[in-house]
Amino acid sequence: MRKYIGISLLTLAFVGCSPLQKALKSDDLEQRKELANKYFQEKKYRKAIRLYESIEKDFKARPDAEQMYYQFAEATFQTDEFMLAAERFKIFASTYPRSDKREEALLKEIKSGVELSPVYSLDQTITVATIGKLQKFIDQYPNSEFVPEANKIMADLNTKLEMKAFENAKQLNTIGDFTRNYGAAIVALDNFIYEYPGTSFKEEALFYKLDSAYKLAMNSVHYKMEERLINAIGMYDALMRFNSTTEYKEKADKMLADINKELQNFSK
């Protein structure tokens with residue numbers, strides 16, 4: 001038992017005398033900064049952060065601490081503390097407005113927001129705010145080497161918003177046995193196509209418009225059925241004009257056959 005206690009004490013003594021612990025106990029702030037920078041270069045980000053945090057206030061706004069503060073923010077980003085990283089990059093950019101790292105810091109602040117942006121099915125407030133920051137960055141630094149990256153990020157975030165808009169419209173057709181609203185689905189899908197004319201979801205949206213119109217017509221009271229059947233044919237034609245070899249062609253052709261069969265009842 002004494003042997004194990006002795007080993008444990010030696011272990012604690014060793015940990016207590018580690019370079020990190022020694023630096024944290026030291027009054028030598030330069031030593032802490034140099035060791036923090038060393039840990040950063042070695043990608044030991046959590047150790048670097050502990051030291052940076054311990055000297056953050058003492059080095060505040062000092063010109064010779066510019067690199068240190070950037071690395072402090074970058075280390076925070078690398079440990080996935082994105083909300084904190086965004087704040088630290090923002091502070092860096094405002095503290096060192098003439099820094100050659102300012103543009104990169106601003107973009108890293110934005111990229112921290114990207115990491116916080118949730119999946120498309122959830123609330124997209126952060127996504128919308130991040131797109132706004134990206135546009136501001138591009139307007140402020142149109143010739144920046146980071147503009148292509150900013151444009152790529154913006155395109156990805158807009159695609160996420162586009163997907164959310166499409167799924168919200170489509171679910172009026174697909175979700176719930178008794179809560180489906182085919183008329184509302186047609187309007188929502190129309191609005192989606194209008195708002196996103198170049199969308200990659202257009203073919204699918206056109207199909208679900210047809211599907212909604214078909215189901216609305218086939219389940220209509222008699223006096224509304226003929227008009228709705230004719231309306232559904234128009235949506236079939238729109239889908240075929242967009243892509244005559246659509247992956248939905250078999251289903252669409254089956255709907256058209258059913259519609260034409262029902263319309264025969266109105267020609268007698």
Side-chain angles (χ1 to χ4, degrees), residues 113-114 116-132 134-135 138 151-268:
V114 173
L116 294 169
S117 175
V119 296
Y120 75 88
S121 57
L122 300 178
D123 180 78
Q124 294 300 309
T125 300
I126 292 175
T127 306
V128 173
T130 302
I131 289 173
L134 281 164
Q135 189 60 59
I138 293 167
N151 280 324
K152 173 65 168 59
I153 295 169
M154 187 184 291
D156 291 342
L157 293 179
N158 277 318
T159 296
K160 183 185 286 190
L161 295 181
E162 183 181 315
M163 185 178 293
K164 183 177 179 64
F166 173 64
E167 291 297 332
N168 284 346
K170 187 175 78 170
Q171 73 180 9
L172 292 168
N173 170 284
T174 59
I175 294 179
D177 291 335
F178 302 104
T179 57
R180 295 180 190 181
N181 188 332
Y182 298 119
I186 293 168
V187 172
L189 288 162
D190 257 339
N191 290 338
F192 170 77
I193 293 170
Y194 177 79
E195 290 173 18
Y196 299 94
T199 178
S200 60
F201 301 109
K202 185 169 183 178
E203 184 174 326
E204 192 174 357
L206 288 170
F207 169 74
Y208 278 103
K209 269 188 66 180
L210 166 60
D211 185 70
S212 297
Y214 167 78
K215 289 172 180 173
L216 181 65
M218 299 300 281
N219 292 285
S220 290
V221 293
H222 185 76
Y223 77 93
K224 290 184 177 181
M225 183 175 283
E226 183 178 15
E227 180 183 353
R228 289 176 174 176
L229 289 169
I230 293 170
N231 189 42
I233 290 176
M235 294 185 188
Y236 171 90
D237 291 340
L239 175 60
M240 291 302 121
R241 282 195 304 272
F242 181 77
N243 183 4
S244 61
T245 60
T246 174
E247 63 179 290
Y248 303 106
K249 190 172 191 318
E250 185 176 348
K251 291 180 179 179
D253 286 347
K254 172 66 168 59
M255 292 180 199
L256 181 63
D258 290 344
I259 291 168
N260 285 328
K261 183 177 179 181
E262 286 295 329
L263 279 173
Q264 289 175 6
N265 295 323
F266 292 91
S267 61
K268 296 177 181 178

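For the single chain, residues carry numbers from 1 onward in sequence order.
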Fill in the blank from the handout: In this structure, CG of Leu161 is separated from CD of Glu195 (nearest 0.5 Å) by 11.0 Å

Exercise for the section: Can you run down the salt bridge (Lys or Arg N to Asp or Glu O under 4.0 Å) pairs that involve residues 181-193, sequence neighbours left out, and say none if there aren't any? Expected result: Asp190-Lys209

Problem - Which atom of Lys152 lies closest to which atom of Asp156, heavy atoms considered - result: NZ-OD2, 2.8 Å

Problem - Lys164: side chain to side chain donor-acceptor pair (under 3.5 Å) partners, not counting sequence neighbours - result: none

Validation: residues 226-237 side-chain donor-acceptor distances under 3.5 Å, sequence neighbours left out:
from: Arg228; atom 1: NH1; to: Ser220; atom 2: OG; distance (Å): 2.8
from: Tyr236; atom 1: OH; to: Asp253; atom 2: OD1; distance (Å): 2.5

Practice task
For Ser244, check side chain to side chain donor-acceptor pair (under 3.5 Å) against everything at least two apart and list the hits.
Solution key: none

Practice task
Please report the C-alpha distance between Phe266 and His222 in whole Å, then the side-chain angles of each, then the deciding distance to 0.1 Å, and finally whether the side-chain contact (heavy atoms from CB on, under 4.5 Å) criterion is met.
Solution key: CA-CA 10 Å; Phe266 292 91; His222 185 76; 3.4 Å; yes

Completion exercise
Residues Ser117 and Lys160: closest non-hydrogen pair is OG-NZ, 2.9 Å

Fill in the blank from the handout: Sorted by chain and residue number, the side-chain contact (heavy atoms from CB on, under 4.5 Å) partners of Met154 (sequence neighbours excluded) come out as Ile131, Leu134, Gln135, Ile138, Asn158

Handout entry: Test ring-ring contact (aromatic ring centres under 6.0 Å, His included) applied to Tyr182 - qualifying residues, sequence neighbours left out
Key = none

Exercise for the section: State which residues pass ring-ring contact (aromatic ring centres under 6.0 Å, His included) with Tyr120; sequence neighbours excluded, sorted by chain then number. Expected result: none

Handout entry: Separation of Asn173 CG from Lys215 NZ (nearest 0.5 Å)
Key = 5.0 Å

Problem - Separation between OH of Tyr208 and CG of Leu189, rounded to the nearest 0.5 Å - result: 10.0 Å

Exercise for the section: Determine yes or no for a side-chain-to-main-chain donor-acceptor pair under 3.5 angstrom, with Asp211 supplying the side chain and Phe207 the backbone. Expected result: no

Handout entry: Backbone of Leu157 reached by a side-chain donor or acceptor of Glu162 within 3.5 Å
Key = no

Can you list, pair by pair, the side-chain donor-acceptor contacts under 3.5 Å of residues 254-261, counting residues two or more places apart and other chains?
from: Lys254; atom 1: NZ; to: Asp258; atom 2: OD1; distance (Å): 3.4
from: Lys254; atom 1: NZ; to: Asp258; atom 2: OD2; distance (Å): 3.0
from: Asp258; atom 1: OD2; to: Tyr214; atom 2: OH; distance (Å): 2.7
from: Asn260; atom 1: ND2; to: Leu256; atom 2: O; distance (Å): 3.3

Handout entry: Counterpart residues, salt bridge (charged side-chain N to carboxylate O under 4.0 Å, His left out), relative to Glu167 (two or more places apart)
Key = Lys170

Completion exercise
Nearest heavy-atom approach of Ile126 to Gly113 is CG2-O, 3.6 Å

Practice task
Return yes if some donor-acceptor pair links the side-chain N/O of Gln124 with the main-chain N/O of Leu122 below 3.5 Å, else return no.
Solution key: yes

Handout entry: Residues that Ala184 engages under side-chain contact (heavy atoms from CB on, under 4.5 Å), provided they are two or more places apart
Key = Leu172, Asn181

Exercise for the section: Find the distance between CD1 (Ile186) and OG (Ser212) and round it off to the nearest 0.5 Å. Expected result: 5.5 Å

Problem - Distance (rounded to the nearest 0.5 Å) between Leu116 CG and Thr130 OG1 - result: 8.0 Å

Practice task
Quick one: closest heavy-atom pair of Leu239 and Ala252, and the distance?
Solution key: CD2-CB, 4.1 Å

Practice task
Only counting residues at least two apart or in another chain, list the ones meeting side chain to side chain donor-acceptor pair (under 3.5 Å) with Lys202.
Solution key: none

Handout entry: Geometric class of the Phe192/Phe201 ring pair [parallel <30°, tilted 30-60°, perpendicular >60°]
Key = tilted

Exercise for the section: Please test Lys249 against Thr245 for side-chain contact (heavy atoms from CB on, under 4.5 Å), starting from the C-alpha separation and ending with a verdict. Expected result: CA-CA 7 Å; Lys249 190 172 191 318; Thr245 60; 5.7 Å; no

Practice task
Could you pull out all residues at least two apart from Glu203 that satisfy side chain to side chain donor-acceptor pair (under 3.5 Å)?
Solution key: Asn243, Thr246

